[in-house]
Amino acid sequence: MGAKVSTVMSSGGATSRRGPPTDFAGPAAGRERRLDIHVFHSDAGELSSGRAWERCVWRDARVLIAECPAPHLPASIESALRAVAADVARDRGWQGMGTVAFALDDRSGVFRVIGADAQPHSGSAMVSPDPDNAHALEMRIDGCVDRRLPCTRLLVCGATRGEALRRAYRALSEMPGPAGVDRAFLMNRIASRAYCSGLTGTRLDQAVG
């Protein structure tokens, strides 16, 4: 499947886009995926882009798991995303680290830029792991029902995706304190056959229910 770009934001302030009006509403129904590419611009002027982080588990329009590398993402599409992210960073004159967010239609391969921020966010605040040696999951867990209180962030790495999932499930089960609603929800998602097979976002919700 080839990669096709529908919208690219530039330093001129172009914000034309299709689909959901906000990046915070969660992915649209169907097979839309949300992906982040981190871009690093060193003091020496070297520009590089990291592997794709996918915001793969959502609840109430909140991202609960971001994963890198994104499951079953074709290499051609990831390469195109990284190239576009580098172009955005270069066009905007970023220094240091930034994140370019994309929405990808899994059926057509069409993607669009939905956000570009010189400061990292979701998936995110961490540097992407070496894709040859690690798989990473960043999880956000509420300690209680009160959403106004800060959540706990947990970063789990493994040599393979399976190892990372096993470590994540064990880490959630061994967390001290009350069993928050997000923790129980995440344990159910991580243990599901659908998530283990690589389904994410709305596709995962439809499979798990």
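Given the structure is predicted, the values throughout are model-derived calculations rather than measurements.
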Only counting residues at least two apart or in another chain, list the ones meeting salt bridge (charged side-chain N to carboxylate O under 4.0 Å, His left out) with Arg166.
none

Looking only at heavy atoms, the pair that brings Val39 and Ala86 closest together is CG2-N, 4.3 Å

Between Ala164 and Gly158, which heavy-atom pair has the shortest distance, and what is it?
CB-N, 3.9 Å

Just verifying a value: how many Å separate Cys157 SG and His135 NE2, rounded to the nearest 0.5 Å?
9.5 Å

Return the set of residues passing side-chain contact (heavy atoms from CB on, under 4.5 Å) with Ser42 (not counting sequence neighbours), or none when no residue passes.
Ala44, Glu46

Where Ala85 and Ile37 come nearest, the two heavy atoms and their spacing:
CB-CG2, 3.6 Å

Taking all heavy atoms of Ser173 and all of Met187, pick out the closest pair and write down the distance.
CB-CE, 3.7 Å

Cys196 SG to Arg189 CZ distance, which is reported to the nearest 0.5 Å
12.5 Å

Kindly write out the residues that satisfy side-chain hydrogen bond (donor to acceptor under 3.5 Å, both in side chains) with Arg90, not counting sequence neighbours, or none if the list is empty.
Asp87

So that I can tick it off, tell me whether Arg140 and Asp182 are bridged by a salt bridge, with the cut-off set at under 4.0 angstrom between side-chain N and carboxylate O.
no

Would you sort out whether Ile141 and Leu172 count as a side-chain contact (heavy atoms from CB on, under 4.5 Å), showing the intermediate values?
CA-CA 9 Å; Ile141 309 100; Leu172 288 169; 3.8 Å; yes

If I compare all heavy atoms of Ala194 with all of Ala207, which pair ends up nearest, and what's the gap?
CB-CB, 3.7 Å

Aromatic ring pairing Phe111/Phe102, orientation class (parallel under 30°, perpendicular over 60°, tilted between):
perpendicular

Any side-chain heavy-atom pair from Glu54 and Arg33 closer than 4.5 angstrom?
yes

Hey, could you give me the CD/CG distance between Glu67 and Leu165, rounded to the nearest 0.5 Å?
6.5 Å

Has the side chain of His41 got a donor or acceptor atom that lies under 3.5 Å from a matching backbone atom of Trp94?
yes

If you measure from CZ on Arg34 to OG1 on Thr202, what distance do you get to the nearest 0.5 Å?
10.0 Å

Cation-pi, Tyr195 ring and Arg161 (6.0 angstrom, 45 degrees)
yes

Interatomic distance, Leu35 atom CG to Thr99 atom OG1 [nearest 0.5 angstrom]
12.5 Å

Between Tyr169 and Ile190 the two heavy atoms that sit nearest each other are CB-CG2, 4.1 Å

Checking side-chain contact (heavy atoms from CB on, under 4.5 Å) for the pair Cys56/Leu204: CA distance, chi angles, key distance, verdict?
CA-CA 8 Å; Cys56 51; Leu204 175 65; over 6 Å; no

CZ-CG distance between Arg193 and Leu199, expressed to the nearest 0.5 angstrom:
12.0 Å

Please tell me if the side chains of Phe40 and Leu47 come closer than 4.5 Å, counting only heavy atoms from C-beta onward.
no

Given Met139, which partner from the list Leu155, Val57, Val156, Leu64 fulfils the side chain to side chain contact (heavy atoms under 4.5 Å, CB included) test?
Val156

Out of Arg112, Arg107, Arg203, Arg55, which one pairs with Glu32 under the salt bridge (charged side-chain N to carboxylate O under 4.0 Å, His left out) rule?
Arg112

